[in-house]
Amino acid sequence: MTISPPGLTIDLTAQGKQIGTFDVPLSVHDDAWGVIPVPIAVIANGTGPTVILEGGNHGDEYEGPIALGELIRNIDPADVSGRLIVIPAINYPAVQAGQRCSPVDGINMNRAFPGDAQGSATQQIAAFVNDVLFPIGDVFIDLHSGGSSLDILPSAIIEPGRDPERHAANVAAVRAFGSKVAVVIDNRGDARTATASAARAGLTVVGTELGGGGTTSIDALALCRHGIRNVLAHVGVLPGQAVQIVEPALYALKPAAHVIAQDDGVLETLHPLGTQVSAGDRAGRIHFVTQPSRPPVDLHYRSDGIVFARRQPGRVRPGNCCLVVASPYEAP
Ligand code: CA
C-alpha cells in the first residue's frame, strides 16, 4: 500500500532510505505559490516496529535536530528491522528562525495537537504528524530541550500513560534512553502536546529535555546521540547492541513545581541544577537594578525535590517561570 498524502514527496511504505519533504502550501506577500519544505526521511527494512523520531517541535532546541540529522545520514538501512520515520525539523519555520514558535503564524507547535489539516501552517504540520504518521507508528520519540528561556537538567521525560500497561511501556523505553534523571511531566494536563497526542493514539512515547538556553550542550548532545540508539535497540529496530541501562532517578512535576515571578526586575538564582531543595527554602531574589535604594524580593521553592530547570534570561516580569523543582515520583 502506498501512503502519499498531498505534499509528501516520499513513499512512507517503501523499503530502503528515502529523504524528502512534506510540503505545506504557503501563500504570502513575496511568494504566492510557495511551500514550507518540512524535511522527512524514511529508513525501512524488513519487518519490525515503526518508530517516529521528531526534533525541532520548538525551533530553539537543537540537540534533537542535530542528532536526527546524523541518524539520517549515518544509518545503514540493512541494520534496520522495521521502519524509522525521522522528522528532524518538524516546525521548519521555527527552526529556521531559531524560535520556540513559528514566525509564520505565531503558534507553539507543542500546543497545536491534534492539529487541523485546514488550519494555519503549524496546525497543518501537526495534523500531518497526528493523522498520517501516528496511525502507522508504534513508538514516538520527541526530542525537546529547554529552549531560549530555560536551562534544564538533561533528562528523559515520561508521558503519563492512560493505562498501567502503556505507562509501563513508556517507563521501560525511557529507562533505555539512559539518562540519570527521568521525569513524569503531564504539562499541567495539557492534551495539545505531541507526546499526549501520540499516547492517545496508543504509541509508546519517549520525551526528552536536553539542556537549553537556546544553545547546544556537550553533555546533552552526547546523551541525545546515545539515547536515541539505545531506545531503537530497546524496541528492536536496531540490532541489540549493548544497551547500558543506568537506572534513572524518577521524578515528577507537582502542581507547585514552578516558582513564578511576581515582580519586574533581574533574577538571581541560588542553586545549580540538580541541587536538593525543600519547600520554603529561599530559591532566589529579584533585584530592582535601577532603584538602588529598594531591597530585592525573595523567591521561595514550593515543592521538595531537585532543581530541574532555571530561567535563562536575567530579566523577569510578573508571571515568568523562574525555577522548576522536580519531586520524587510517587506511583499513583
Ligand atoms: Ca520544548
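Note that ligands are numbered from 1 as they come in the structure, with each ligand's atoms numbered from 1 the same way.
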Yes or no on side chain to side chain contact (heavy atoms under 4.5 Å, CB included) for Thr216 and Glu63, after CA distance, side-chain angles and deciding distance? CA-CA 6 Å; Thr216 57; Glu63 283 81 4; 4.2 Å; yes

Polar contact flag, side-chain donor to acceptor under 3.5 angstrom, [X]-[Y]:
| X | Y | value |
| --- | --- | --- |
| Asn108 | His58 | yes |
| Asp219 | Ser217 | no |
| Thr193 | Arg111 | no |

Within the 3.0 Å cut-off the protein N, O or S neighbours of the Ca ion (ligand 1) are His58 ND1, Glu61 OE1, Glu61 OE2, His144 ND1

Looking only at atom types and distance, does a side-chain atom of Ser155 sit under 3.5 Å from a main-chain N or O of Leu153, one as donor and one as acceptor? yes

Give a yes or no answer on whether the side chain of Gln15 reaches the backbone of Gly46 with a donor-acceptor pair at less than 3.5 Å. yes

